[in-house]
Amino acid sequence: MRFTLPDGTPLQLPDDATGADAAAAIGPGLARAAVAVKLDGEVRDLARPLDGDDGEPLAVLTRRDPEALEVIRHDAAHVLATAVMELYPGVKISIGPPIEGGFYYDFEFPEGVSVSEADLERIEARMREHIAAGEPFVRTEVTVDEALERFRSEGQDYKVELIEDLVRDQGVETVSLYANGPFIDLCAGPHAPTTRGIKAFGLDSLAGAYWRGDSSRTMLTRIYGTAFFSKDELAEHYRRLEEARARDHRKLGRELGLFLFSELSPGSPFWLPAGTAVWNELTTLWREENGRRGYREVRTPILYDVELWKQSGHWHVYRDHMYFTDVEERAMGLKPMNCPAHVQIYKSERRSYRDLPIRYSEQGLVHRHEPSGTLHGLLRVRSITQDDAHVFCSEEQLEEEIVRCLDFGLDIYDLFGFAPRLELSTRPEKRVGSEEAWDRAEAVLKRTLVNRGLEYELNEGDGAFYGPKIDLHMTDSIGRSWQLGTVQLDYYMPERFGLEFTGADNAEHRPVMIHRALMGSFERFIGILIEHYAGEFPVWLAPVQAIVLPIADRHAAYASEVAERLRADGARVEVDARSESIGRRIREAELRKVPYMLIVGDREAEAGAVALREHGRGDAGTLGLDELAERLARERRERTPR
RNA sequence: GCCGACGUAGCUCAGCUGGUAGAGCACUUCACUCGUAAUGAAGGGGUCCCCGGUUCGAGUCCGGGCGUCGGCUCCA
């Protein structure tokens, strides 16, 4: 057999050679380090015979390859199942794949057995025994009937279902099983030669997870863990998680006094003075940028007659997520979206083609009844303030308007150094509007992305009920992805509301609507911002931009003078003249992450200057008051990044 | 919404098998008036999430509810 190694050199092997043979043929060191091989893109067991004769690409994977890490994590999942089956007789196993950062295995524990995080240690101990024993992973290929009989006799219903589906969907006649020690699992592989490849592992948490991700089916118990090639890497992994938790916006929100949550209104943040300062800076940015790009700002009510929601289609599709109330026996609902409101404004006058595109922007407050289990700090709330806008335009203007929206969004993200992931979401199952309209809408969005050369992910079936969308996603401190901005195309709402404009031909035409929120919502965007900056906002966003620290009581008057001078420019400046030591007041200002500390004593009062200390960087020398004011003003005006 | 865990002072947390609560920080007062990340001393502060039950007695045990956290599902 003939293969090509990653460096391009050919490798000739006898016909019955395995992956291990290939590694040995290259060198004894590699043979020892080998975890698996990658043949023509497929990762395979070392023990499996190779096949090929056309110079297929072949690579021997060692601990340096990310794919090898996946292999031992998958190994660890099997060892986890091994231990759980021994410790909990009668447990049913489902699946256990490697995932980003680790692995999991899903179990159905017997009636009455409950497992808690305290039990994880016991399971870990049993796993260690199996790893120390260095049990080989042995692959066998068996017929579907054999496999079914085995799992049926063991009462492993989930495995039986998996095999039946494989037969039905893929017409397989045989399946592969992997044995390690006493455990045999239905598994496509690959696995390392023995359990000893798992050099370091830990079980992390317990969670519920629906069988096959279907909320109408059994909820299984998922055990999460992780594994590495060394104890150091494992320790490093936990250290990084710890570090990530330190920038969690919920923790920083409390520590920095940005916002709070109350049991009296779950999912609705209370914005404290410091958080409101950040919010207001974003509002200013939002208003400036919208104005510059031809948007006109509007303000609309939050409570509407349910007739509006019936007409818009929200009543039928979105009712469960809305809040309703009766007002003098009239049924009314809080808006979950701003579009019907902006539609009312559009409809309030006759529109001409000369008016288009009409762009309305609003800091729109909407309420959505998000399920209790999904709330998450600022990132998933029930009262949502969108940086919303609706563009009403003609079919001919559509593509350009979409491009403008996307460019606008990307410009804003640029300002913060955000690199969002783009997703194109297409028609969902629960939808309104004709198939032709969906075809057109999806095609326009796709064309826009392709023409702009933007990379994107296709998210089939994830569109809004009225139209497809392009979303901008960002990742939070613990690696979870959140949708921020969205640009949505809508042929449906204009039809529902009978929107029209008079064309050059003096006939009535139907406009197209674009729904777009670029930051998404102020709540979520600020949540991501907090984590992005780890609470260390650039000067323009910082709740307190400078704090004046007089050395002794006799410097208090000069400290006030400094503060007044800077406040005259509109800067947010505090004076900390408490009779605490200067060391303590510096420490507290550092903990509050105030960008500039201005220390004033005899020398500074004398010279009309300040001793500047920058947050996280320390003493930055003495600066004249005017010079400082100028610097601060410039950084605020130009929105200088940190 | 579902699975599991958790809910004690403003915050972070301790409180063993039931005997009416404790630390550090924060806060208040006093003294210190200080040169780049914690001066010292004294003091105040708690419906132990809520409702019900068991018990002579519940922060502790049981049931229900609410909230939070980690997942799952969902996410216009």
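Letters A, B, ... mirror the listed sequences (proteins, then strands); counts begin at 1. What you see below is based on every heavy atom in this structure, not just the backbone, and it leaves out hydrogens, waters and symmetry mates.
- Considering only side-chain N and O atoms, A:S215 lies nowhere under 4.0 angstrom from the phosphate OP1 or OP2 of B:U73.
- Taking only side-chain atoms of A:S579, from C-beta outward, the nucleotide of B:C72, B:C32, B:U73 with the closest atom is B:C32.
- Comparing A:F261 and A:I384 along RNA chain B, the residue whose closest nucleotide (by nearest heavy atom) sits nearer the 5' end is A:F261.
- Relative ring orientation between A:F259 and A:F261 is described as perpendicular, the plane-to-plane angle rising above 60° on a 0-90° scale split at 30° and 60°.
- The side chain of A:D553 has B:U33 as its nearest neighbour among B:U33, B:A37, B:C3.
- Base contact: A:G373 has a heavy atom under 4.0 Å from a base atom.
- Nucleotides B:G44 and B:C51, compared at atom P, are 28 Å apart to the nearest Å.
- Looking at A:Y210 and A:R212, their side chains never bring a donor and an acceptor atom within 3.5 Å of each other.
- Residue-level contact check: A:A209 touches the backbone only, with heavy atoms under 4.0 Å from sugar-phosphate atoms and none from bases.
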Q | A:T426 vs A:L445, side-chain contact (heavy atoms from CB on, under 4.5 Å): CA-CA, chis, key distance, verdict | A | CA-CA 10 Å; A:T426 55; A:L445 290 184; over 6 Å; no

Contacts under 3.5 Å, N or O only, protein and nucleotides 63-67 of chain B:
none

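- Of the side-chain N and O atoms in A:R250, one or more sit less than 4.0 angstrom from OP1 or OP2 of B:C69.
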Q: Kindly indicate, with the supporting measurements, whether the criterion side-chain contact (heavy atoms from CB on, under 4.5 Å) is fulfilled by A:Y360 and A:F392.
A: CA-CA 9 Å; A:Y360 295 132; A:F392 300 84; 3.7 Å; yes

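- What separates CG of A:D471 from C1' of B:C75 is a distance of 11 Å, to the nearest Å.
- A sub-4.0 Å separation between OP1 or OP2 of B:A26 and a side-chain N or O of A:R584 is present.
- Remark: the separation of the P atoms in B:G52 and B:G59 is 14 Å, to the nearest Å.
- The C1' atoms of B:U20 and B:G24 are separated by 25 Å, rounded to the nearest whole Å.
- When atom types are taken as modelled, the side chain of A:R319 and the backbone of A:W315 share a donor-acceptor pair closer than 3.5 angstrom.
- In this structure, B:A42 and B:U28 make a Watson-Crick or G-U wobble pair, each of the two defining distances being under 3.5 angstrom.
- Take the nearest nucleotide of RNA chain B for A:H369 and for A:D248: the residue whose nucleotide is more 5' is A:H369.
- A donor and an acceptor atom, one from each side chain of A:R592 and A:H615, are nowhere located under 3.5 Å apart.
- Comparing the same atom, P, in B:C27 and in B:G19 gives a spacing of 34 Å after rounding to whole Å.
- Phosphate contact (OP1/OP2 of B:U12, side-chain N/O of A:R254, threshold under 4.0 Å): present.
- Within the nucleic acid shown, A:R603 comes within 4.0 Å of at least one base atom, counting heavy atoms only.
- A:H316 and A:F465 have their aromatic ring centers separated by at least 6.0 angstrom.
- Spacing between atom CD of A:E108 and atom P of B:G4 amounts to 13 Å, rounded to whole angstrom units.
- Counting non-hydrogen atoms under 4.0 angstrom, A:I582 reaches the backbone sugars and phosphates but no base.
- Comparing B:A14 with B:G7, their C1' atoms are spaced 15 Å from each other, to the whole Å.
- Applying the salt bridge (charged side-chain N to carboxylate O under 4.0 Å, His left out) test to A:R247 and every residue at least two apart in sequence or in another chain returns nothing.
- Under the Watson-Crick or G-U wobble criterion, with both distances below 3.5 Å, B:G67 is paired with B:C6.
- What separates CD of A:E588 from P of B:A26 is a distance of 7 Å, to the nearest Å.
- Applying the Watson-Crick and G-U wobble criteria (two distances, each under 3.5 Å), B:C56 pairs with B:G19.
- Among the heavy atoms of the strands, none lies under 4.0 Å from A:Y104.
- What separates CG of A:D576 from C1' of B:U33 is a distance of 14 Å, to the nearest Å.
- If you measure from atom CG of A:L379 to atom P of B:G71, you get 12 Å, rounded to the nearest angstrom.
- Aromatic ring pairs are classed by plane angle as parallel below 30°, tilted from 30° to 60° and perpendicular above 60°; the pair A:F525 and A:F418 is tilted.
- In this structure, A:D214 reaches neither bases nor backbone, as no heavy-atom distance under 4.0 Å exists between it and the strands shown.
- Between A:H376 and B:U68 there is no side-chain N or O to OP1 or OP2 distance below 4.0 Å.
- The interatomic distance linking A:W211 (CH2) with B:C3 (C1') rounds to 17 Å, in whole Å.
- Separating the CG atom of A:L260 from the C1' atom of B:C11 is a distance of 13 Å, rounded to the nearest angstrom.
- Taking side-chain N and O atoms only, A:R613 has a distance below 4.0 Å to OP1 or OP2 of B:A37.
- Counting any heavy atom pair closer than 4.0 Å across all strands shown, A:E604 reaches a base atom.
- Across all strands shown, A:R380 has heavy atoms under 4.0 Å from base atoms, whether or not it also approaches the sugar-phosphate.
- Taking only side-chain nitrogens and oxygens, A:R217 never comes nearer than 4.0 Å to OP1 or OP2 of B:C2.
- For the C1' atoms, the distance from B:A41 to B:C32 is 11 Å, rounded to whole Å.
- Residue contacts for A:Q488: at a heavy-atom cut-off of 4.0 Å it reaches the sugar-phosphate backbone alone, with no base atom in range.
- The shortest side-chain heavy-atom distance between A:E108 and A:T218 falls under the 4.5 Å cut-off.
- Close to B:A38, at under 4.0 Å from its OP1 or OP2, lies no side-chain N or O of A:R578.
- As judged by a 4.0 angstrom heavy-atom cut-off over every strand, A:A589 is placed among residues making no nucleic acid contact.
- The C1' atoms of B:C56 and B:C61 are separated by 16 Å, rounded to the nearest whole Å.
- Close placement of the A:H321 and A:Y318 rings is indicated, their centers lying within 6.0 Å of each other.
- Straight-line distance between the C1' atoms of B:C50 and B:G45: roughly 22 Å, to the nearest whole Å.
- Between the CZ atom of A:R554 and the P atom of B:U33 there is a distance of 10 Å, rounded to whole Å.
- Among the protein residues, A:T374 comes within range of the nucleic acid bases, having at least one heavy atom under 4.0 Å from a base atom.
- Between B:C69 and A:R245, no contact under 4.0 Å exists linking OP1 or OP2 to a side-chain N or O.
- Among the protein residues, A:G213 comes within range of the sugar-phosphate backbone only, with heavy atoms under 4.0 Å from sugar or phosphate atoms but none that close to a base.
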